[in-house]
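Here is the structure we will look at, set down as structure tokens.
Keep in mind that this is a model prediction, so the values were computed, not measured. Each ligand, and each atom within it, is numbered from 1 in the order the structure gives. Values below: every heavy atom of this structure, side chains too, minus hydrogens, waters and symmetry copies.
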Amino acid sequence: MAEIPDKFDAIVIGAGPAGSASAYYLATKGFKVLVLERGRSPGSKNVFGGRVYVAPLKEIFPDFEKSAPIHRWVTRERMSFMHGNELVSLDYEGNDHKSFTTYLSQLAAWMALKAESAGASIVSDITVTGLLKEGDKVIGIKAGNESVKADVVIDAEGVNRLVLESTGLVQALKPSQVALGVKEVVKVNPEVLANEFGLGEGEGMAWSLMGDVTSGLPGGGFIYTNKDSVSIGLVMLLDSAISGANDEVYKYVERLKTHPKLSKYFKDSRIMEYSAHLIPEDVSSLMPPRLAYDGLLISGDAAGFLLNLGYTYRGVDFAAYSGYLAGKAIEQAHGLGGMSAANLLVYTKLLDQSFIMKNLKRFSGTHKLMRNRRLFTAYPAMMASLMRHIYSLDYESQKMFNTVLGSAKENGMGPFTLLTDGIEVMRYL
Ligand SMILES: Cc1cc2nc3c(=O)[nH]c(=O)nc-3n(C[C@H](O)[C@H](O)[C@H](O)COP(=O)(O)OP(=O)(O)OC[C@H]3O[C@@H](n4cnc5c(N)ncnc54)[C@H](O)[C@@H]3O)c2cc1C
């Protein structure tokens with residue numbers, strides 16, 4: 001790090017969506033910012049499924065749509081329950097531009113470039129190994145034997161957060177707090193996107209799947225259509241994957257691509273990329289006890305800011321917006337006279353007023369639903385048998401109510417279980 005000056009206004013750990021959003025905001029306000037990224041370049045270590053909600057990003061980067069790597073606007077949503085060779089799907093075709101598909105590697109690189117163009121210094125291939133402290137105050141970072149000072153450090157190192165752990169600010173991750181996500185990006189024939197997915201120019205699909213996709217383990221599958229490729233993968237609670245997975249997790253993705261009802265979407269496809277990453281799951285237990293310390297703010301996945309509702313994942317917009325709010329908090333603390341914990345507390349106020357904390361509070365118990373195994377076993381099976389009884393008939397048609405109860409019974413559930421599970425789902429979602 002010889003060429004790096006030894007003092008900055010702010011140092012950001014990690015050039016993911018959270019880190020680059022902070023760096024961009026602070027640089028546009030004239031702060032001297034250094035971003036340190038352990039990957040070979042910004043974007044090289046970032047993994048996600050495929051869809052980003054655009055509104056928060058447009059607020060952070062007003063010219064977002066002009067140059068950001070938007071692959072396709074999601075105009076088609078599909079939610080499927082998989083049981084054996086049967087697939088029950090709910091399909092929604094809209095036409096607004098609220099979310100888009102992309103590669104996170106491209107989006108993170110684009111965000112880092114925006115920060116750099118605004119004046120931030122970004123140095124890759126450097127792993128921050130700890131925080132530099134003077135008493136309780138954070139005064140910079142350590143990277144191996146070297147150190148760099150700053151008035152404030154923003155920790156945007158993502159879910160693994162080894163820096164925070166080494167400083168004793170958070171405990172080591174437990175398997176029950178996170179999920180494991182695995183993903184392939186596969187090149188597909190453009191005709192497949194048009195004919196099988198039914199997508200027009202620039203239109204995209206976000207598809208979530210539950211049931212046999214994870215062999216009934218808590219979690220689900222996802223498929224997103226990019227410009228000329230498809231992202232396909234699945235997410236499983238880590239502790240369930242460790243104790244219950246009957247195969248290596250990448251084989252589940254392979255099985256998904258070759259499933260009789262899905263293989264047509266992956267005909268002649270070619271793997272371009274394979275990745276795996278952890279995801280915050282039990283968000284409330286993952287959130288550090290404090291988000292603002294003397295000279296330190298925590299944002300993005302490192303702070304546990306992720307919303308998983310089963311049918312959508314929101315991590316990138318949450319991370320980027322929390323990084324942006326960290327930048328705003330630093331600007332305000334600067335106006336108040338410095339980066340003390342008291343001045344930086346404005347960060348938690350900004351978060352509380354934002355969609356991030358409102359959403360996280362609203363859906364605070366959702367991860368508990370993941371522990372109801374019936375949602376991943378009996379219900380997908382019930383949906384399939386319900387459809388079979390309604391549509392697959394020779395002479396007699398059945399009354400819907402009786403068919404629902406009959407399908408539930410076939411899968412080991414009585415009216416009381418349906419009622420209590422229904423109440424639980426309504427309570428948390
Ligand atoms: C399989 C999967 C599917 C997902 N699907 C979606 C989706 O469809 N939509 C969505 O919005 N979100 C999704 N997410 C969540 C989303 O990817 C994250 O919430 C988001 O990337 C968090 O951004 P971040 O900047 O906080 O962390 P990260 O993206 O993890 O970035 C952290 C950065 O810090 C760097 N770093 C870490 N430690 C150090 C260190 N010590 N020194 C220097 N640099 C360091 C890393 O290399 C990385 O570049 C998904 C996640 C996974 C794993």
- Item | Donor-acceptor pair between Tyr379 and Asp421 side chains, under 3.5 angstrom | yes
So ring-ring contact (aromatic ring centres under 6.0 Å, His included) across residues 191-219, not counting sequence neighbours, yields Phe197-Tyr265, Trp207-Tyr265
Any heavy-atom pair between the side chains of Ser240 and Thr214 that's under 4.5 Å? no
Close residues (non-hydrogen atom under 4.0 angstrom from ligand 1) work out to Ile13, Gly14, Gly16, Pro17, Ala18, Leu36, Glu37, Arg38, Lys45, Asn46, Val47, Phe48, Gly49, Gly50, Arg51, Leu104, Ile126, Thr127, Val128, Ala156, Glu157, Gly158, Val163, Gly181, Tyr224, His277, Leu278, Ile279, Gly300, Asp301, Leu306, Tyr313, Arg314, Gly315, Val316, Ala319
Looking at Phe64, is Lys58 sitting on its ring face, NZ or CZ under 6.0 Å from the six-membered ring centre and within 45 degrees of the normal?
no
Query - Over-ring placement of Arg314 relative to Tyr53, 6.0 Å and 45° cut-offs - result: yes
**Message:** Counting only heavy atoms from other residues, nucleotides and ligands, does the tally under 6.0 Å from CG of Asp63 exceed 12?
**Reply:** yes
